[in-house]
S.K.: 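Sending over a structure as structure tokens; questions will come in a sec.
Because the structure is a prediction, the values reported are computed rather than measured. Proteins get letters first, then strands, A, B, ... in listed order; numbering begins at 1 in each.
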4 protein chains.
Amino acid sequence: MQEVGFLGMGIMGKAMAMNLLRHGFKVHVWNRTLSKCIELKEHGAFVEETPAAVIKKCKVTIGMLSDPAAALSVVFDKGGILEEVCHGKGYIDMSTVDAETSIKIGEAVNDKGGVFLEAPVSGSKKPAEDGQLIILAAGEKALYDGVLPAFDVLGKKSFYLGEVGNGAKMKLVVNMIMGSMMNAFSEGLVLADKSGLSPTTLLEVLDLGAIANPMFRMKGPSMVSSDFNPAFPLKHQQKDMRLALALGDENAVSMPVAAAANESFKKARSIGLGDLDFSAVYEIFKVTEPSP
Amino acid sequence: MQEVGFLGMGIMGKAMAMNLLRHGFKVHVWNRTLSKCIELKEHGAFVEETPAAVIKKCKVTIGMLSDPAAALSVVFDKGGILEEVCHGKGYIDMSTVDAETSIKIGEAVNDKGGVFLEAPVSGSKKPAEDGQLIILAAGEKALYDGVLPAFDVLGKKSFYLGEVGNGAKMKLVVNMIMGSMMNAFSEGLVLADKSGLSPTTLLEVLDLGAIANPMFRMKGPSMVSSDFNPAFPLKHQQKDMRLALALGDENAVSMPVAAAANESFKKARSIGLGDLDFSAVYEIFKVTEPSP
Amino acid sequence: MQEVGFLGMGIMGKAMAMNLLRHGFKVHVWNRTLSKCIELKEHGAFVEETPAAVIKKCKVTIGMLSDPAAALSVVFDKGGILEEVCHGKGYIDMSTVDAETSIKIGEAVNDKGGVFLEAPVSGSKKPAEDGQLIILAAGEKALYDGVLPAFDVLGKKSFYLGEVGNGAKMKLVVNMIMGSMMNAFSEGLVLADKSGLSPTTLLEVLDLGAIANPMFRMKGPSMVSSDFNPAFPLKHQQKDMRLALALGDENAVSMPVAAAANESFKKARSIGLGDLDFSAVYEIFKVTEPSP
Amino acid sequence: MQEVGFLGMGIMGKAMAMNLLRHGFKVHVWNRTLSKCIELKEHGAFVEETPAAVIKKCKVTIGMLSDPAAALSVVFDKGGILEEVCHGKGYIDMSTVDAETSIKIGEAVNDKGGVFLEAPVSGSKKPAEDGQLIILAAGEKALYDGVLPAFDVLGKKSFYLGEVGNGAKMKLVVNMIMGSMMNAFSEGLVLADKSGLSPTTLLEVLDLGAIANPMFRMKGPSMVSSDFNPAFPLKHQQKDMRLALALGDENAVSMPVAAAANESFKKARSIGLGDLDFSAVYEIFKVTEPSP
């Protein structure tokens, strides 16, 4: 497979398509706003007018859309995937959507004779640019095997997780842990500060110990300086917490820390921080009055 | 400084004293149960009968006791540090105690003309053996500077944090974040399992991403196989959560995730898991009935 | 209006229909399992074969079904309300369902020319028998005004809350507060017990003070004696907590206490208490090991 | 017993002493600021210069001080109770203090030959004025029996709870439940408001149902109109939550709802609401931004 379709030229999709081009893939791209395809075209991509046109040209097409609505739209709307998908064609949705959306898309593609893989990724802009994503694939195993050369370019590791829906679930679990950790981290930074300790020294101490991790290292300094430029918007993190809690509800798993973290993210949303980076939850712990 | 006293031959203290011996320090040791000093003696340590005897022989003495009661006992009881500490002598308490205990010990040592440093560590048995502790020192700066050759042997990095109490506080903040993370991790592992995902695959996915950290890597596999051999007992972790929350209370810092994590550790204590490793909190999230 | 239809002869529906009969209403009843209508028939009710048959006979029909699925079924399935509802007929759904279900039913009834009212109630078996329910109505105001004679028999007070969905929402808010209170109460009872105080004395003290309420008075003694005979099953209470939290999520309202209570109800479900009374959440706080 | 000493003429103490006067008791009063005794004197009280002078004149003396420090001061400071308490004299501390403070005072009084009762009350200004307090007594049973005529005037009911410390603990348990309920109530009021329901209607609905209680009835309307005139200051409520959680910690009782409520009270303190009524926790749930 050296020819691949790519739907969705947002921050993530564009970086991923560019990686494929750089590694010698022929890439047919489409985006709702076609102007976002210009840079790709300059690097050799073929620009198509509709998702259906991409599917027609390519045996395998990847989608990287912003949300479930967009992910459904490229499949079911006029000019969408269903118009051209058929036996011998595969569609891989790498968007972050809930399991239900994935399952719905998968069934529609299968009904037309095509094969489907959901493959959400862990990692944001920088790992996308560097081909360092973690790919959580589930669905048609043969399609997974076939698309591995592309996955090898896009990510540092891919997992095959079984039936459609499992990719979405795995991503939710990871993001839930991440969201709780971000809260623990924020609480600790504020506690250090209010207790007369330097948050910056705390960052140094943390980075040497058993809980040192890239997120603390990357986000810590910008949080301390109140820089919340969104890599992963808080409202999306909160949505993932909600969906993970819903998954826990289905399975009777009690998760009090995740629930508390979710409420803090909601608190952050309630004061208008939803479009900032998810690390902006830090702001809600700040003490504005001297303690009595 | 090539001669140093060492009080307390528990798991941590013994490993640390051994490291000092290996690096050419002359070490005078004491332990409540003297038999625990035998191995050290075989490696060249001088065994003393009381803490006071150690202080008398050494300009600088380190204490590594199991809890605040023991830390106070070596100072204030008969045969204790106060009987011999005087101008020109320094005592460094590396035990994990609360700020009040540190301050009380520091004042008593100062009253006798001695100098004091609290220096709790981050890291347990393995880092102690490998000289890879993180040392959080606070108190007399000159004593800190003087003891750096020993700290260089014991730890991979030491911090000087200002006035006595700050070392204890910094350690609490770090342990609070760690305790919340352990809860987030446990919730995630159980959620994965109950949602039909492999906990082992989750560990792999986590280890590749932005929240990869040594604790998840070390504890994850043993948690999945229900091995909770205590490196850091759950009841001690819970005590640190409680003390960190109390520190937050003093400073009006709201920490809902830490509070939820603390209650889960208490739940674990309530069903008899207090003496197991703190990762045993994982057990309380397990679902014992099929969801309706 | 002295003639009324009544769909659903569960615990609640039967008690309500009986009340209407006792107060001189002519009542046409239907139930999926017709045998449940026998007692009503003996008291003068007319038994019909389908929901449609009830609608055909009555200008106003009340439904009291067990869950959203049943509530939808009597409307949309074969022999359902939609087959006969038309201009001049009103349907009042008193089941506890989510806002979406109410809205869907309301729209379908309206499309056929009928008028609709949702009217969930607060109160369980005993208030239903005694005509002491609290009725939370929303939808067609004229239908509300017309059905007031029946509401006066069924409840001690009815509220008109505006557009369809508001009845469901009001009930969720009330049940959310109730669920959090039950958790606070349970935690307090266990705390008293483990602190060497008599839970029974606590019940007496509570009943004299500012937070005395019927629920503590009714449930307290049976909780202390571990009697959890279900008046309101725990799994239904937990579902209401979940739906209330979802409503909070939509509106960016952070509710940490409700979230913590929800996780405790989930914990109770996870150990198989879902079918007991919601007061069985008490069981999860019990301490099974002596504290260290 | 028709002669009684009374220490502490704060809001509560003054109302209680006035009640005793009104019911024919001879009352000897003392207050740190003597001017606060003037009104009592006009109603027939004898004003003394020190706590010791009160003890000297009366066989039984009641204390109602603002906090543990004041409660200890009237006992241990110069001119304090210990100077005159002796065999045949009894001291009853009705202040709200922790169990340790009660125990310390009790032991000191016993050492001088006197008898001691702790008797904290449930109820604030209004019940104090109306003689409708709930009295939670513990300690010397004979003293309890002897003081019952006074308790009958001060309260609507008194309980004898056993050993000193149990009164304090019982009050903590009650206040903990109350604090969690206030949070549940606040969350519900905000949720109603943001969901398009009238908070005032919610108050009406609540007042008719199973969880109707005097606190909701009294506080609800003022909360809705943002009136937080302090009857029970938020910082004191939060302190009681903290102490109740500490009691739970000692006994390994996990209390996630109380812990979440405590963090919300701390959040309220952190933004400067500590001196307002505890119902001001309502303010922290308000949403200041439209949800996305």
S.K.: Please check this pair: side chain of A:Glu263 against backbone of C:Ser254, looking for a donor-acceptor N/O pair closer than 3.5 Å.
M.R.: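 Side chain of A:Glu263 to backbone of C:Ser254: no pair is present.
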S.K.: Looking at C:Lys104, I'd like to know if its NZ atom is crowded, meaning that more than 12 non-hydrogen atoms belonging to other residues, nucleotides or ligands lie closer than 6.0 Å.
M.R.: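 It does not: C:Lys104 NZ has 12 such atoms or fewer within range.
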S.K.: Locate the shortest heavy-atom distance separating C:Glu250 from A:Arg269; write the atom from each residue and the value.
M.R.: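 Minimum heavy-atom separation between C:Glu250 and A:Arg269: O-NH2, 4.1 Å.
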S.K.: Is the closest basic N to carboxylate O distance between A:Lys239 and C:Asp249 below 4.0 Å?
M.R.: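 No, no charged N to carboxylate O under 4.0 Å.
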S.K.: Please report the shortest heavy-atom distance between A:Ala252 and C:Ser270, naming the atom on each side.
M.R.: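 Residues A:Ala252 and C:Ser270, closest heavy atoms: O-CB, 3.0 Å.
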